[in-house]
Number of protein chains: 2
Amino acid sequence: MESTGPGGPRVGRRLHRAASMADVARLAGVSSQTVSRVVNGRANVDPATRERVLVAVGELDYRANAAARALATGATRTIGVIASTLSTHGAVLVLDGITEEAARHGYRISLVPVHAPSLRDVSGVATALAGRDVDALVVCVASSVLREATAGLPVDVPVVVTDGDGQDVFPAVDSDPGPGVRAAVEHLLDLGHRRVAHLAGPGDSATARRRALVWAQVLREHGLPVPAAPAGDWSAASGAVLGAALLAEHPATTAVVCANDQMALGLLRACADAGVRVPRDLSITGFDDVEAAAYAVPRLSTVRHDLVEVGRRAVRAVLQRLSPGADVGPVGLVPSEFVARESTAAPRA
Amino acid sequence: MESTGPGGPRVGRRLHRAASMADVARLAGVSSQTVSRVVNGRANVDPATRERVLVAVGELDYRANAAARALATGATRTIGVIASTLSTHGAVLVLDGITEEAARHGYRISLVPVHAPSLRDVSGVATALAGRDVDALVVCVASSVLREATAGLPVDVPVVVTDGDGQDVFPAVDSDPGPGVRAAVEHLLDLGHRRVAHLAGPGDSATARRRALVWAQVLREHGLPVPAAPAGDWSAASGAVLGAALLAEHPATTAVVCANDQMALGLLRACADAGVRVPRDLSITGFDDVEAAAYAVPRLSTVRHDLVEVGRRAVRAVLQRLSPGADVGPVGLVPSEFVARESTAAPRA
DNA sequence: GGTACGCGTGTTTGCGCTAACAGACAACGG
DNA sequence: CCGTTGTCTGTTAGCGCAAACACGCGTACC
């Protein structure tokens, strides 16, 4: 046990200042620049020297100061994530994927909240966009909303949106509802349904609009009429309200494609209240394949898509723009697939 | 329009360097220190001077460089949030509250993921704990897990846990399941149930253990036997499996208190499969009051608690330790309450 | 035998900001 | 009238790191 000098044992001293690169350099008998090289994994360091530095690093429990590094390099190694309230299930999965992939590439995640409806408070967004605190931005709010918030702001960093509507300057990464919704509608059509309604998501969500578009498209391809699709807000409550209205006003409807599982669950509830049996009297499909869908009574037929993967790809997309040429992995639309369970069946003759 | 010199118009120049404090100082005709004072809201600046600086700030669209500030002050104004995968519904709400409250106090949120099960990869946690990148830490993983991960690591920053088990050195902020679970069990007892089972959450979760404790306590207070409570993992799947076993092995059970709504939903599913009618044959209560609970068939009686508020208070707790004396708002346990709906009724005679 | 080059390492400089100190000037009291 | 106090502002230094450059040495090559 080494002596701690005249001051006696270390106990009682106030929290030690964290070791700096200079401390490591002194201990290893090299310059701090060499320490920097070792820490950053540069090749041109003698193996013996590297070893000595590494030992010193371990001894002092040295960890690089992110602020100093950011100041010196101009890069923060942080990705900002702009999200409104995380309440919708999907946003969470995307965030999960973002976090995971960012960590894999040595990036931190900085969460920038926007108070959803008002969005008056753009300050956080503005700061983030100015690019001093983050190297890149992943935007998880409806891009139309974002446009309003950022009109006129300078954008100095790569941006990717996960709910883009194709009208952005920013590239979009998202799951492609096409295959899943198409399969869902065709599944219903194959079962013999001729009047397939749609409970849509909010109009300001590009994802919601895209799902509605595919549903309408498939109906049209089969020469079927396309009923008006009332728009909800992703919630079970809206599904229940819209569903009750649909049951009352359009009793001829035999199948409903819902914009997400929550709304489908709400519709399921409305059916129970109205004495409509599922799937005997009405077939229902959801979207997202949340856990509750698989355990609902009846088990909900739905569209599965990998939102975690969307998050991962969003990160890859910004990373790609940050360091062109680097291989970051696949970017692009994530497919979706229909999962048939119990809530869909042939209509009664 | 000002001349841009022999270089011609500004178009084509590469992205302008962001304005620094020195730029603002030059434009306003003051020293950069004065700019610093204005930007940081110090009192001792002449109103006229302050105004001039503010104009220059606006003109140059100046925004402070967080890295430089952090380097100079030693404080990052960032709160680290350690969360395993965000998959459990509750974690998201807490995160939402954390983000909101942190923003209100001018703090950023840095998300530090831990790959849930293994936790071998403690590097992120270690770095965060070393305190160079964050000023404080909110830990949203089971604290027993945290202890394992941080054994021996120096902790230089305030830490608050949201799933503490009382054995930590770190203060805990959480919702208090006591009132809600007690009310749920007493509600069932009042209805006439005498054999009330419990589907517990994972054993490594302090929150889960506390819910089980209250359930057992109330039964004991009423002189009732306390059946063994099988432990699930919060998922509907585990609720379904455990529920099926319970129905098969303990047919005398007339009521089940579930550790959360997902497991209750799984149990509901198991009942449907086994031909057990709810609430006629079996009463069920959940915990969390997720949206799907209110729309389940039957509507799930459950315990409501405000996890967003837990997140807010967690932030207040660390802020309080960061600046003692400052009034940050209420800290402490968040209450819970029982919500009776359709999944509970008197047992059949 | 000299030029050329590559490699490992050290030195200098500056990123943008704030703490600490220093100075100028006005108001005020003894 | 001078010291004292207080208010506003400027100067200097340094936070910890990495970029750019300089340097010494060995090796290859003509």
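First the proteins, then the strands, lettered A, B, ... as listed; each starts at 1.
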Does a side-chain heavy-atom distance below 4.5 Å link [X] with [Y]?
X        : Y        : answer
A:Arg313 : A:Val334 : yes
A:Val139 : A:Thr162 : no
B:Ser36  : B:Asn40  : yes
B:Ile109 : B:Ile98  : yes

Sidechain-backbone polar pair: [X] side chain, [Y] backbone, donor-acceptor under 3.5 Å:
X        : Y        : result
A:Arg52  : A:Ala28  : yes
A:Arg321 : A:Pro158 : no
A:Thr73  : A:Arg69  : yes

Residue list, side chain to side chain contact (heavy atoms under 4.5 Å, CB included) with A:Leu27, at least two apart or on another chain: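 Per chain and number, A:Leu27 pairs via side chain to side chain contact (heavy atoms under 4.5 Å, CB included) with A:Ala56, A:Glu59, A:Leu60.
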Identify each donor-acceptor pair in which a side-chain atom of residues 41-50 of chain A lies under 3.5 Å from a protein atom, sequence neighbours left out, and give them as a table.
| from | atom 1 | to | atom 2 | distance (Å) |
| --- | --- | --- | --- | --- |
| A:Asp46 | OD1 | A:Ala48 | N | 2.9 |
| A:Arg50 | NH2 | A:Arg42 | O | 2.8 |

The helix from C:dG2-D:dC29 to C:dG30-D:dC1: angle between end helix axes, five pairs per end, rounded to 10 degrees: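 What I find for the helix from C:dG2-D:dC29 to C:dG30-D:dC1 is an axis angle of 50°.
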A:Asp135 bridged to A:Arg77 by N-O distance under 4.0 Å: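 Not counted as a salt bridge, because no side-chain N and carboxylate O are separated by less than 4.0 Å.
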Salt-bridge contact A:Arg104-A:Glu100 (side-chain N to carboxylate O under 4.0 Å):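 No, no charged N to carboxylate O under 4.0 Å.
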Per-nucleotide protein contact string for nucleotides 12-23 of chain D (B base, S sugar-phosphate only, - none; heavy atom under 4.0 Å): ---BBBBBB---
Strictly under 3.5 Å: I want the nitrogen or oxygen pairs between protein and nucleotides 4-7 of chain D, one per line.
none

Partner of B:Tyr62 by side chain to side chain contact (heavy atoms under 4.5 Å, CB included), out of B:Val53, B:Leu54, B:Val39: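 Only one option passes, and that is B:Val39.
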First-last contacting nucleotides on DNA chain C - partner chain B, under 4.0 angstrom, heavy atom: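 That gives a stretch of C:dG16 to C:dA20.
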